[in-house]
Engineer: 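Below are the structure tokens for one structure; questions will follow.
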2 protein chains.
Amino acid sequence: MVARIAEARLDRVFRALADATRRDIMRRTLLGAVSISGLAADYDMSFAAVQKHVAVLAKASLVRKASVGRERLISAVPNEIARARACLDELEALWRHRLAGLDAVLSEKK
Amino acid sequence: MVARIAEARLDRVFRALADATRRDIMRRTLLGAVSISGLAADYDMSFAAVQKHVAVLAKASLVRKASVGRERLISAVPNEIARARACLDELEALWRHRLAGLDAVLSEKK
DNA sequence: TATTCGCGCAACCATATGGTTGTATATTAT
DNA sequence: ATAATATACAACCATATGGTTGCGCGAATA
């Protein structure tokens with residue numbers, strides 16, 4: 001089933017976004033490519049910890065690495081963000097569906 | 001800082017949504033209230049496991065419980081979904097900002 | 001009344017997560 | 001050539017997560 005794979009992707013994307021540091025890395029790298037040490041300078045944790053956060057984002061395909069000399073430039077990829085958004089949109093659509101159902105019931109009572 | 005609390009809330013919401021079973025529970029409970037055992041009947045896991053999933057959603061304020069007799073009716077609350085969507089919207093807005101910047105650079109080259 | 005049903009909770013287990021330090025390697029700068 | 005920088009990777013640790021089973025309790029039913 002394709003759905004299984006899609007669900008696993010969504011798992012990874014939402015999991016990756018469930019951390020304030022990683023969301024911040026997304027914001028920084030959405031604006032432009034940044035090296036890992038460039039990122040690490042901004043957070044109160046070790047370089048290796050930031051490296052791990054980047055790895056989590058990369059496995060979720062939220063970010064890609066480009067080798068430039070001894071650096072790895074990290075830049076965000078918006079594709080999976082859109083997928084996650086589509087998932088939330090679907091949930092909100094279901095909610096509106098429920099409201100529409102209630103409206104139907106209410107208008108029948110008139 | 002209020003931001004800290006908001007970030008922690010987002011952590012919980014994204015974490016809660018990072019599981020296919022919990023996303024499915026959201027879909028079912030967005031359409032209407034369902035008891036925990038009603039939910040549990042649909043998944044290949046124990047009642048207690050489903051109970052825990054519901055607890056994760058509840059702690060993220062994605063769901064609320066209403067006691068009716070011996071049952072707890074679970075229904076989804078769309079508020080936190082909207083917050084999560086706003087977060088993703090912000091990320092996509094940053095991406096468009098980046099594209100706009102590139103456009104500016106490209107048009108200067110003309 | 002006795003029993004079954006729905007739920008909450010605790011204990012337990014295996015694995016994942018988020019952090020650390022340390023070591024190795026490739027690239028850049030002195 | 002040497003030193004410093006940027007990264008990768010492994011080992012380790014504490015805690016969180018996702019599942020299980022078992023027990024107790026209040027509510028519905030026979």
Side-chain angles (χ1 to χ4, degrees), chain A residues 4 7-26 28-29 32-76 80 84, chain B residues 4 7-26 28-29 32-76 80 84:
Chain A
R4 288 285 164 199
E7 292 292 292
R9 277 163 85 97
L10 268 185
D11 285 3
R12 270 179 260 121
V13 170
F14 280 126
R15 191 70 184 75
L17 293 175
D19 181 285
T21 301
R22 289 196 291 262
R23 287 194 299 274
D24 199 61
I25 291 177
M26 285 302 290
R28 309 248 289 101
T29 57
V34 192
S35 72
I36 302 182
S37 47
L39 288 170
D42 291 349
Y43 306 110
D44 188 25
M45 64 182 74
S46 69
F47 173 85
V50 175
Q51 211 175 13
K52 281 193 182 184
H53 281 304
V54 170
V56 170
L57 291 169
K59 278 182 186 166
S61 301
L62 281 164
V63 130
R64 68 183 160 79
K65 300 190 201 182
S67 294
V68 175
R70 66 181 158 184
E71 300 184 303
R72 306 304 143 114
L73 295 187
I74 311 301
S75 40
E80 295 298 312
Chain B
R4 288 283 164 201
E7 293 292 293
R9 276 163 86 95
L10 268 184
D11 285 2
R12 270 179 261 122
V13 170
F14 280 126
R15 191 71 184 74
L17 293 175
D19 181 283
T21 301
R22 288 195 292 260
R23 287 194 299 273
D24 199 62
I25 290 176
M26 285 301 292
R28 308 249 289 103
T29 57
V34 192
S35 72
I36 302 183
S37 46
L39 289 170
D42 291 348
Y43 307 110
D44 189 23
M45 66 183 73
S46 68
F47 173 85
V50 175
Q51 210 175 13
K52 281 193 181 187
H53 281 304
V54 170
V56 170
L57 292 169
K59 278 182 187 167
S61 301
L62 281 164
V63 128
R64 68 182 159 80
K65 300 191 200 180
S67 293
V68 175
R70 64 182 161 185
E71 300 184 303
R72 305 304 143 112
L73 295 187
I74 311 301
S75 41
E80 295 298 310

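Model, not experiment: these values are computed from the prediction.
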Engineer: Checking A:A33 now: which residues fulfil side chain to side chain contact (heavy atoms under 4.5 Å, CB included) with it, not counting sequence neighbours?
Structural biologist: A:L73, A:S75

Engineer: Could you give the distance from CG (B:L57) to CD1 (B:I74), rounded to the nearest 0.5 Å?
Structural biologist: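 Spacing of CG (B:L57) from CD1 (B:I74) equals 9.0 Å.
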
Engineer: Can A:L17 and B:L17 be said to form a side-chain contact (heavy atoms from CB on, under 4.5 Å), step by step?
Structural biologist: CA-CA 10 Å; A:L17 293 175; B:L17 293 175; over 6 Å; no

Engineer: side-chain hydrogen bond (donor to acceptor under 3.5 Å, both in side chains) with A:R9: which residues, sequence neighbours excluded?
Structural biologist: A:E80

Engineer: With sequence neighbours left out, write down each residue that passes side chain to side chain contact (heavy atoms under 4.5 Å, CB included) with A:A60, or none if nothing qualifies.
Structural biologist: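 With sequence neighbours excluded, A:A60 shows a side chain to side chain contact (heavy atoms under 4.5 Å, CB included) to A:R12, A:V13, A:A16, A:L62, given in chain and number order.
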
Engineer: By salt bridge (charged side-chain N to carboxylate O under 4.0 Å, His left out), which residues pair with A:D19, not counting sequence neighbours?
Structural biologist: none

Engineer: Counting only distance, no hydrogens or angles, is the base of D:dT5 paired donor-acceptor with the side chain of A:R70 under 3.5 Å?
Structural biologist: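 For A:R70, whose side chain was compared with the base of D:dT5, there is a donor-acceptor pair (under 3.5 Å).
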
Engineer: If you measure from CG on A:D44 to OG1 on A:T21, what distance do you get to the nearest 0.5 Å?
Structural biologist: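 It comes to 10.0 Å.
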
Engineer: Check salt bridge (charged side-chain N to carboxylate O under 4.0 Å, His left out) between A:R28 and all other residues, then give those that pass, not counting sequence neighbours.
Structural biologist: A:D42

Engineer: Could you work out, with side chain to side chain contact (heavy atoms under 4.5 Å, CB included) as the rule, every residue matching B:A49, not counting sequence neighbours?
Structural biologist: B:M45, B:S46

Engineer: Between P on D:dT5 and CZ on A:R72, what's the gap in Å once rounded to a whole number?
Structural biologist: 18 Å

Engineer: Looking at five pairs on each end of the helix from C:dT1-D:dA30 to C:dT30-D:dA1, what is the angle between the two axes, given to 10 degrees?
Structural biologist: 20°

Engineer: Among residues 33-48 of chain A, which contact DNA chain C at a heavy-atom distance under 4.0 Å?
Structural biologist: A:M45, A:S46, A:A48

Engineer: Does any pair with a residue in residues 52-72 of chain A pass salt bridge (charged side-chain N to carboxylate O under 4.0 Å, His left out), and if so which ones, sequence neighbours excluded?
Structural biologist: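 Pairs touching residues 52-72 of chain A that pass the test: none.
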
Engineer: When you measure from every atom of DNA chain D, which of residues 56-68 of chain B have a heavy atom less than 4.0 Å away?
Structural biologist: none

Engineer: Report yes if some heavy atom in the side chain of B:V34 is under 4.5 Å from a heavy atom in the side chain of B:I25; otherwise report no.
Structural biologist: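 B:V34 does not reach B:I25 side chain to side chain.
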
Engineer: Taking only N and O in the side chain of A:Q51, is any of them less than 4.0 Å away from OP1 or OP2 of D:dT7?
Structural biologist: no

Engineer: Could you tell me from which nucleotide to which nucleotide of DNA chain C, 5' to 3', there is an atom under 4.0 Å from chain A heavy atoms?
Structural biologist: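 Here the contact window of chain A covers C:dT17 to C:dT28.
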
Engineer: Listed by chain and number, what are the side chain to side chain contact (heavy atoms under 4.5 Å, CB included) partners of A:A20, not counting sequence neighbours?
Structural biologist: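 A:R23, B:E7, B:D11.
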
